[in-house]
Engineer: 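For reference, the structure I am asking about is given below.
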There are 2 protein chains.
Amino acid sequence: MKRRDFGQYCGIARALELVGERWALLIVRDLLVRPRRYTDLQSGLPGIPTNVLSTRLKELEQAGVVERRVAPAPQRGVVYALTPVGQDLEPAVLALGRWGSAQLGEPQPGDHVSVEGVTLNMRAAFQPGQAEGVTASWEIRAHDIVLHAVLTDGKLESGVGPAPEPDLVITAKIDEDALPSFRAIVTAAKSGLVELTGRKKLLDTFLRVFTTPRPA
Amino acid sequence: MKRRDFGQYCGIARALELVGERWALLIVRDLLVRPRRYTDLQSGLPGIPTNVLSTRLKELEQAGVVERRVAPAPQRGVVYALTPVGQDLEPAVLALGRWGSAQLGEPQPGDHVSVEGVTLNMRAAFQPGQAEGVTASWEIRAHDIVLHAVLTDGKLESGVGPAPEPDLVITAKIDEDALPSFRAIVTAAKSGLVELTGRKKLLDTFLRVFTTPRPA
DNA sequence: CTGCATCCACTTTGATACTG
DNA sequence: CAGTATCAAAGTGGATGCAG
């Protein structure tokens, strides 16, 4: 397996050699949220050819970014997860996501949204400066998407699924045929198109702590 | 010109659609340092096929990342520069560069180093926390590479070429046949393999402010 | 079922040559 | 200087096959 390189001794070039190929960073994005199986990745990345997914996983494994685990006793099967090196990609992925979010136009017909995507876009929107000292937890729901954000003294933990004891559950009322993207959720929240269960005042906190800078 | 997209309404996917193709971010890297002409880019990116450079520049222009300027009176010709949107990519490029720098092994035979690469790797190594309140300027030299870093009350300005009135000129003594990468420069500085002109105590400051985390 | 491998049409890349 | 033209090789997307 010969790697095509850029012939530059440079951190950026190296990064692109390791995770710059098509679909690679989207695989990493999904794995940043939680370990996934082959078919999970496949369905979370609509349009990825199966052989490309297979190839990428091998390359990422060889690059030391992804780890292939054969799950043990109970639910056996293969699970892909990020190595510590792979997890170190999070700041870079979030930075890219911030920039990309500002360049998002309207959803194209055929676009999909995954929980992983929404979770990462939420993390990208996180403003540590606005969160200092804040402790609170949210559960966010839209269509069939459920995720949570837990702030503990300004530190963020986030992931898929319900929060254990959410201070506030935000259910965004998004049009049946519209996409439940993070942006759409925030827009809904700003317009009051949400159902709130819990400490309703924490909605403003949420909107302050998770801010997508307006696209120019 | 049909864009292949990822079918996801997600900031990361959007970013990859706009600047995720081969060579694109390296072009952006070079332009983050200074506007360049076609042939400058070509020689700074050894190995890029000319038709690919041409195609990328058109795509990046259409994406609103790069601007094609026909230079006026004196030195006429075409100059490529980043738009404000393109400049907003800097945090993402630096984050990728930080990660990639940690994954750099030894230079491969045939690897090149460009001033643009060194400059960006230096910016990626910048630790704002260590620079608070610091005002100083350095000129860094190695082989035929010359760049500068000017800290004004903790704010960094950096670029190619000599500094106007450098507080310290650091000339790294790097083996004739070794690459003058930023990493090599830092290594040389740590080993005292440098020639210093000016306020020699600022070498330690430099090393503290520009720190590449050790690769694991 | 999951986790791929194989096959094939199509597109992109890389290398080189050439032009206004 | 600033690209276009050409063409072989590699990579991608889509469909299908198949073992555990």
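Throughout, a chain's letter reflects where its sequence line sits, starting with A, and its residues are numbered from 1. Treat the numbers as computed from the prediction; the structure is a model and nothing was measured.
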Engineer: Would you say the side-chain atoms of N121(B) and S101(B) include a donor-acceptor pair closer than 3.5 Å?
Structural biologist: yes
Engineer: What is the distance, rounded to the nearest whole Å, between atom CD1 of I48(A) and atom P of dA5(C)?
Structural biologist: 14 Å
Engineer: Rounding to a whole Å, what distance do you find between F6(B):CZ and dG13(D):P?
Structural biologist: 8 Å
Engineer: W23(B) side chain N/O closer than 4.0 Å to the phosphate oxygens (OP1, OP2) of dG14(C)?
Structural biologist: yes
Engineer: Hey, is the side chain of S54(B) poking within less than 4.0 Å of OP1 or OP2 on dG3(D), counting only N and O atoms?
Structural biologist: no
Engineer: Within this structure, what is the CG-to-C1' distance between L41(B) and dA2(D), rounded to whole angstrom?
Structural biologist: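 For the pair L41(B) CG and dA2(D) C1', the rounded distance is 11 Å.
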Engineer: If you only use heavy atoms from C-beta on, which nucleotide in dA2(D), dG3(D), dG14(C) is closest to the side chain of Y80(B)?
Structural biologist: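 Nearest to the side chain of Y80(B) among the choices is dG3(D).
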Engineer: With nearest nucleotide decided by heavy atoms, which residue, P49(A) or Y38(B), maps closer to the 5′ end of DNA chain D?
Structural biologist: Y38(B)
Engineer: Is there a side-chain polar atom (N or O) of K58(A) under 4.0 Å from OP1 or OP2 of dA5(C)?
Structural biologist: yes
Engineer: What is the nucleic acid contact for T50(B), judged by heavy atoms within less than 4.0 Å: base, sugar-phosphate only, or nothing?
Structural biologist: base
Engineer: Whether R98(B) engages the ring of F126(B) as a cation-pi pair (distance to the six-membered ring centre under 6.0 angstrom, angle to the ring normal within 45°) should be assessed.
Structural biologist: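 No, cation not above the ring by the 6.0 Å, 45° rule.
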Engineer: So, taking the atom named CD1 in I48(B) and the one named CD1 in I27(B), what distance separates them when rounded to the nearest 0.5 Å?
Structural biologist: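 Between atom CD1 of I48(B) and atom CD1 of I27(B) there are 4.5 Å.
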Engineer: When you check the side-chain N and O atoms of Q8(A) and R29(B), is any donor under 3.5 Å from an acceptor?
Structural biologist: yes
Engineer: Ignoring hydrogens and angles, answer whether the base of dT6(D) and the side-chain atoms of N51(B) contain a donor-acceptor pair closer than 3.5 Å.
Structural biologist: yes
Engineer: Report the distance from atom CD of E59(A) to atom P of dT12(D), rounded to the nearest whole Å.
Structural biologist: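 Taking atom P of dT12(D) as the reference, CD of E59(A) is at 8 Å.
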Engineer: Using whole Å, what does the distance between atom P of nucleotide dA15(C) and atom CZ of R4(A) come to?
Structural biologist: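 My rounded result for the distance is 10 Å.
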Engineer: Could you give the CZ-to-C1' distance, from R22(B) to dA15(C), as a whole number of Å?
Structural biologist: 14 Å
Engineer: Round to the nearest Å and state the distance from L53(A) atom CG to dG11(D) atom C1'.
Structural biologist: 16 Å
Engineer: For S54(B) and Y38(B), test the side chains for any donor-to-acceptor distance below 3.5 angstrom and give the result as yes or no.
Structural biologist: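 No, no side-chain donor-acceptor contact under 3.5 Å.
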Engineer: Do the side-chain N or O atoms of R68(B) get closer than 4.0 angstrom to the phosphate oxygens (OP1, OP2) of dA2(D)?
Structural biologist: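 Checking dA2(D) against R68(B), no side-chain N or O comes under 4.0 Å of OP1 or OP2.
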Engineer: CD of Q42(A) versus P of dC4(C): gap in Å, rounded?
Structural biologist: 10 Å
